[in-house]
Number of protein chains: 2
Amino acid sequence: MVTLSEENYLKAIYHLGKQGKEAVSTNAIAEHIESKASSVTDMIKKLATKNLANYIKYQGVSLTEEGRLAAALVIRKHRLWEVFLVNKLNFSWDEVHDIAEQLEHVKSLQLVNKLDAFLEYPTHDPHGDPIPDKDGNYSPIKSINILEIDTGKEGTLSFVKDSSDVFLRYLNKNNLALGDTIKVLDFEPFDNSLTIETTTKKMIISKEVAQNLYLSV
Amino acid sequence: MVTLSEENYLKAIYHLGKQGKEAVSTNAIAEHIESKASSVTDMIKKLATKNLANYIKYQGVSLTEEGRLAAALVIRKHRLWEVFLVNKLNFSWDEVHDIAEQLEHVKSLQLVNKLDAFLEYPTHDPHGDPIPDKDGNYSPIKSINILEIDTGKEGTLSFVKDSSDVFLRYLNKNNLALGDTIKVLDFEPFDNSLTIETTTKKMIISKEVAQNLYLSV
DNA sequence: AGTAATTTTTAGTCTTGTCTAAAAATATTT
DNA sequence: AAATATTTTTAGACAAGACTAAAAATTACT
Ligand SMILES: [Mn+2]
Ligand SMILES: [Mn+2]
Ligand SMILES: [Mn+2]
Ligand SMILES: [Mn+2]
């Protein structure tokens with residue numbers, strides 16, 4: 001059995017080291033889950049004895065195949081629940097993360113799969129993050145950062161890297177949502193800001209904002 | 001903040017003493033939640049200091065108004081999730097309890113209320129149990145046990161007292177479901193069994209079964 | 001290479017929730 | 001009313017998960 005706390009560590013390792021494949025430092029995990037390095041050491045030892053993680057003292061952790069699958073399942077649940085909350089319960093995309101953090105720990109494979117079917121097998125969550133399938137796989141994101149797009153070209157907003165409520169609310173306020181068509185009008189070298197145009201308006205976005213917007217072209 | 005464990009104790013006290021209004025014994029709680037009396041004593045002390053329970057040593061526990069409301073909220077969540085699982089995800093009524101035991105602890109008032117709306121404000125869960133409203137109230141059950149019904153009279157199956165999977169599967173096997181019209185044909189004094197008739201068949205049910213079937217007439 | 005800074009681990013403590021065994025209180029019999 | 005049985009509480013221990021402070025290992029710098 002994988003406990004709630006273990007699941008959170010698995011997720012952290014998964015996210016920090018490319019799907020848990022590369023070694024992650026104790027400190028990085030501690031920072032990510034807002035705990036202390038000593039707590040992390042304790043837990044990764046536990047994950048290692050449970051064969052969920054590969055751990056060599058002082059050399060970081062990565063996930064075993066079993067650990068990777070367990071982590072992907074938690075992420076799958078998290079993202080499916082986010083879809084449910086937004087599409088079925090009419091939550092806004094900036095309100096769902098904390099609730100999904102709780103729902104992702106509910107244990108029932110039948111539940112996940114029935115939820116998946118009920119939602120008609122979504123491939124992405126409300127923030128554009130891909131939803132792993134039952135085997136933990138998903139097709140790599142093909143969207144590119146808006147700063148890589150040539151002036152004059154356009155694309156569809158399909159993924160936001162930062163899905164904190166602060167950033168999402170910035171997007172809400174400025175009427176930017178997933179699925180919007182965005183054209184890059186101008187790049188300003190002085191501060192790396194961009195002038196963009198949507199179907200309804202023209203606006204300037206800062207470098208910080210631009211770094212978090214990904215379009216599919 | 002009310003922890004998961006506290007919530008389970010609140011529910012137990014609520015269920016064992018008429019909505020937590022009358023005092024419940026330590027042993028009764030221990031048996032109900034499958035733990036030990038000493039653990040119960042510890043927890044009810046904690047509930048008392050948190051003003052959720054009224055506790056006098058050696059004299060059992062009841063719930064304060066605050067405790068009663070907290071318990072009702074957990075039960076509300078449990079039953080709403082059961083409705084969701086059966087009505088939306090197509091689970092069978094004998095499969096939902098354990099999953100609802102997990103979902104009932106998810107903390108978000110917004111979630112409960114949006115779920116309630118999504119389900120179109122159901123008044124009863126898949127086993128006929130009433131769903132408390134936001135204030136913890138529900139109209140008393142007006143259904144009566146099938147053994148109280150006069151021979152020749154009929155009613156609609158609207159509540160099953162035992163909602164263990166074993167019993168529910170017995171009902172499944174015999175094609176008895178909530179909403180079915182059932183007529184009482186005969187009462188057998190020797191073993192208290194009943195001969196009943198549904199729209200599709202005639203059958204004999206034991207006293208044990210009869211005690212758990214409630215009809216509205 | 002040798003010292004300093006940083007990271008990681010260990011050692012020991014704490015909280016929550018649980019348990020067993022023993023003591024205390026209450027309830028039931030005789 | 002005393003003796004016995006049952007229930008409840010207390011005392012002490014344990015596991016999980018987290019923390020602080022100190023020690024050990026690694027990395028960075030001169
Ligand atoms: Mn999220
Ligand atoms: Mn997301
Ligand atoms: Mn139930
Ligand atoms: Mn129920």
Side-chain angles (χ1 to χ4, degrees), chain A residues 1-17 20 22-63 67 70-71 74 101-102 104-107, chain B residues 1-17 20 22-63 67 70-71 74 101-102 104-107:
Chain A
M1 215 266 314
V2 186
T3 69
L4 184 150
S5 196
E6 287 166 1
E7 287 188 337
N8 284 333
Y9 278 91
L10 289 174
K11 255 200 319 175
I13 302 169
Y14 186 97
H15 282 133
L16 292 170
E22 59 184 46
V24 174
S25 82
T26 304
N27 259 1
I29 298 170
E31 200 171 316
H32 192 261
I33 66 179
E34 293 180 298
S35 66
K36 296 295 150 86
S38 55
S39 308
V40 173
T41 303
D42 283 350
M43 184 55 92
I44 60 193
K45 278 180 184 169
K46 202 179 152 204
L47 293 176
T49 43
K50 283 193 171 191
N51 264 303
L52 295 166
N54 307 115
Y55 169 54
I56 306 168
K57 259 189 189 184
Y58 294 101
Q59 286 177 226
V61 233
S62 61
L63 297 179
V74 180
E101 283 293 310
Q102 299 179 65
E104 73 187 5
H105 300 292
V106 174
K107 270 145 198 85
Chain B
M1 214 264 315
V2 187
T3 69
L4 185 148
S5 197
E6 287 166 2
E7 286 188 336
N8 284 333
Y9 278 91
L10 289 173
K11 257 201 317 176
I13 302 169
Y14 186 98
H15 282 133
L16 292 170
E22 60 184 44
V24 174
S25 81
T26 304
N27 260 0
I29 298 169
E31 201 170 314
H32 192 262
I33 66 179
E34 294 180 295
S35 67
K36 296 298 151 85
S38 56
S39 307
V40 174
T41 303
D42 283 349
M43 184 56 92
I44 62 192
K45 278 180 185 170
K46 201 179 152 203
L47 293 177
T49 44
K50 283 193 170 191
N51 266 301
L52 296 166
N54 307 116
Y55 169 55
I56 305 167
K57 261 192 190 183
Y58 295 101
Q59 284 177 228
V61 234
S62 61
L63 297 180
V74 180
E101 283 293 311
Q102 298 180 65
E104 74 188 6
H105 300 293
V106 174
K107 270 145 198 85

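Per chain, numbering begins at 1; letters A, B, ... match sequence-line order.
Here side-chain hydrogen bond (donor to acceptor under 3.5 Å, both in side chains) pairs that include residues 22-34 of chain A, with residues two or more places apart or in two chains, number zero.
Summarising the geometry, the separation between NZ on A:Lys36 and C1' on D:dA16 is reported as 19 Å, rounded to the nearest angstrom. Following rounding to the nearest Å, B:Leu47 (CG) and C:dT16 (P) show an atom-to-atom distance of 13 Å. Atom CD1 in A:Ile29 sits roughly 13 Å away from atom P in D:dA18 (whole-Å rounding). Note: CE (A:Met43) to P (D:dA15) measures 16 Å, nearest angstrom.
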Short heteroatom pairs, N/O only, protein and nucleotides 9-11 of chain C, under 3.5 Å:
unit_1 : atom_1 : unit_2  : atom_2 : d
C:dT9  : OP1    : A:Tyr55 : OH     : 2.3
C:dT9  : OP1    : A:Tyr58 : N      : 2.9
C:dT9  : OP2    : A:Thr26 : OG1    : 3.0
C:dT9  : OP2    : A:Thr41 : OG1    : 2.9
C:dT9  : O5'    : A:Tyr55 : OH     : 3.4
C:dT10 : OP1    : A:Lys57 : NZ     : 2.5
C:dT10 : OP2    : A:Lys45 : NZ     : 2.5

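For B:Gln102, there are no side-chain hydrogen bond (donor to acceptor under 3.5 Å, both in side chains) partners at least two apart in sequence or on another chain.
Distances shown here put a side-chain N or O of A:Tyr9 below 4.0 Å from the OP1 or OP2 atom of D:dA18. Applying the 4.0 Å criterion to OP1 and OP2 of C:dT6, one finds that A:Asn27 has every side-chain N and O outside that range. Taking 4.0 angstrom as the limit, A:Ser5 places none of its side-chain polar atoms (N or O) nearer than this to OP1 or OP2 of D:dA16. Distances shown here put every side-chain N or O of A:Thr3 at or beyond 4.0 Å from the OP1 or OP2 atom of D:dA16.
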Which donor-acceptor pairs under 3.5 Å do the side chains of residues 49-56 of chain A make with protein atoms, sequence neighbours left out?
unit_1  : atom_1 : unit_2  : atom_2 : d
A:Thr49 : OG1    : A:Lys45 : O      : 3.2
A:Thr49 : OG1    : A:Lys46 : O      : 2.7
A:Lys50 : NZ     : A:Met1  : O      : 2.8
A:Lys50 : NZ     : A:Glu6  : OE1    : 3.0
A:Lys50 : NZ     : A:Glu6  : OE2    : 2.9
A:Asn54 : OD1    : A:Ser62 : OG     : 3.2

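Rounding to the nearest 0.5 angstrom, the gap separating the CD1 atom in B:Ile44 from the CG atom in B:Leu10 is 11.5 Å. The distance from atom OG of B:Ser5 to atom CD1 of B:Ile33, rounded to the nearest 0.5 Å, is 7.0 Å.
Ion pairing of B:Glu101 with B:Lys11 is present here, as a side-chain N (NZ or NE/NH1/NH2) and a carboxylate O approach within less than 4.0 Å.
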